[in-house]
2 protein chains.
Amino acid sequence: MSMDAVFKALADPSRRQLLDRLQARNGQTLASLCDGMEMSRQAVAKHLSQLEAANLVVVQWHGREKLHFLNPVPINEIAERWIGKYERHRVQALHDLKTKLEGNSDD
Amino acid sequence: MSMDAVFKALADPSRRQLLDRLQARNGQTLASLCDGMEMSRQAVAKHLSQLEAANLVVVQWHGREKLHFLNPVPINEIAERWIGKYERHRVQALHDLKTKLEGNSDD
DNA sequence: ACGATAGGCAACCATTTGGTTGCATGTCAA
DNA sequence: TTGACATGCAACCAAATGGTTGCCTATCGT
């Protein structure tokens, strides 16, 4: 729910890789997500639980199998609510940069 | 330059706050960025240097003053290259979620 | 020239983080 | 029912992280 959890979840390359793999094939089990990852099953499980906590991954139990699904909503919210805020001022910010950096030709 | 550095830089709330403050008023000094932050000057300086390393902040020396400018480019790249990738499959992913979660009405 | 101002560097510290191993639990299949 | 499979829980560990303090350097104003 909190945006901070989403940012922190996205900060780790292994977790982004897990999201990538879910995007490539949605609804994978923990075991399935493990192979190719150079770490123990428990390490992967910890990463997945952080992704769950950030609501980036949603889970569906099916017997003894835990299927993991990518939830694109939080990423979309970051795009719209956070990045959008910077996007609005992007041209002005770039202008500031150019002005300040080019203004002093003696550096 | 690396996208990982950008993600990690964005993972800390204090650093996001610094970006917010630069967005509100671009080209501030370290001292100026310090007040309101509940930490030492050195702590803020460390955060700023991480933002610099991620190229999210660009710096311009002016005498003894170091002016900090927001660089919107890396955020924009994340929006386009990374979030865009998920955006493309967003409808499908949401469909997957709905299907799987609604399909089992007995949970 | 000198004090005050703006910032940098380095050592140190506590907590968090990413990982491990060992063991326990629940479910499927023969 | 029994063994194998899929996962969870907890203790533990090393390294990274976010913060501190103390001191040093450089520049501005008087």
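Chain letters run A, B, ... following the sequence lines, proteins first, then strands; residues in each count from 1.
Within the 4.0 angstrom heavy-atom criterion, base atoms lie near B:Ala43.
Counting to the nearest Å, the C1' atom of C:dG18 and the CE atom of A:Met37 are 14 Å from each other. Taking atom CD of residue B:Gln28 and atom P of nucleotide C:dG7, one finds them 11 Å apart after rounding to whole Å. Atom CD of A:Gln17 is separated from atom P of C:dG19 by 11 Å (rounded to the nearest Å). What separates CD of B:Gln42 from C1' of D:dT25 is a distance of 14 Å, to the nearest Å. Summarising the geometry, the separation between CG on A:Leu10 and P on C:dG18 is reported as 12 Å, rounded to the nearest angstrom. At whole-Å resolution of the value, CD in B:Glu52 and C1' in C:dG8 are 12 Å apart. Distance B:Met39 CE to D:dT20 C1': 12 Å, rounded to the nearest Å. If you take CZ of B:Arg64 and P of C:dA4, they are 12 Å apart, rounded to a whole angstrom.
Checked for salt-bridge contact, A:Asp12 and A:Lys46 miss the test: no charged N lies under 4.0 Å from a carboxylate O. Electrostatic pairing of B:Arg21 and B:Asp35 counts as a salt bridge here, judged by a charged N lying under 4.0 Å from a carboxylate O.
A:Arg88 places no side-chain N or O within 3.5 Å of a backbone atom of A:Ile83 that could act as its donor or acceptor partner.
Close to D:dG19, at under 4.0 Å from its OP1 or OP2, lies a side-chain N or O of B:His47. Within the 4.0 Å cut-off from OP1 or OP2 of C:dG19, not a single side-chain nitrogen or oxygen of A:Arg41 is found. Within the structure, a side-chain polar atom (N or O) of B:Gln50 is placed less than 4.0 Å from OP1 or OP2 of D:dG18. Between A:Arg15 and C:dG18 there is a side-chain polar atom (N or O) within less than 4.0 angstrom of OP1 or OP2. Residue A:Ser40 has a polar side-chain atom (N or O) positioned under 4.0 Å from OP1 or OP2 of C:dT20.
Nearest-nucleotide positions on DNA chain C for A:Asp12 and B:Leu30 put B:Leu30 closer to the 5' end. With DNA chain C read from its 5' end, the first of the two nearest nucleotides for B:Ala31 and B:Lys46 is the one closest to B:Ala31.
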- [ ] Tell me, with the steps shown, if A:Lys8 and A:Asp4 meet salt bridge (Lys or Arg N to Asp or Glu O under 4.0 Å).
- [x] CA-CA 6 Å; A:Lys8 284 195 174 144; A:Asp4 189 58; 3.2 Å; yes
TODO: Walk me through it: do B:Glu80 and B:Lys85 pass the test salt bridge (Lys or Arg N to Asp or Glu O under 4.0 Å)?
DONE: CA-CA 8 Å; B:Glu80 296 197 356; B:Lys85 176 173 68 175; over 6 Å; no
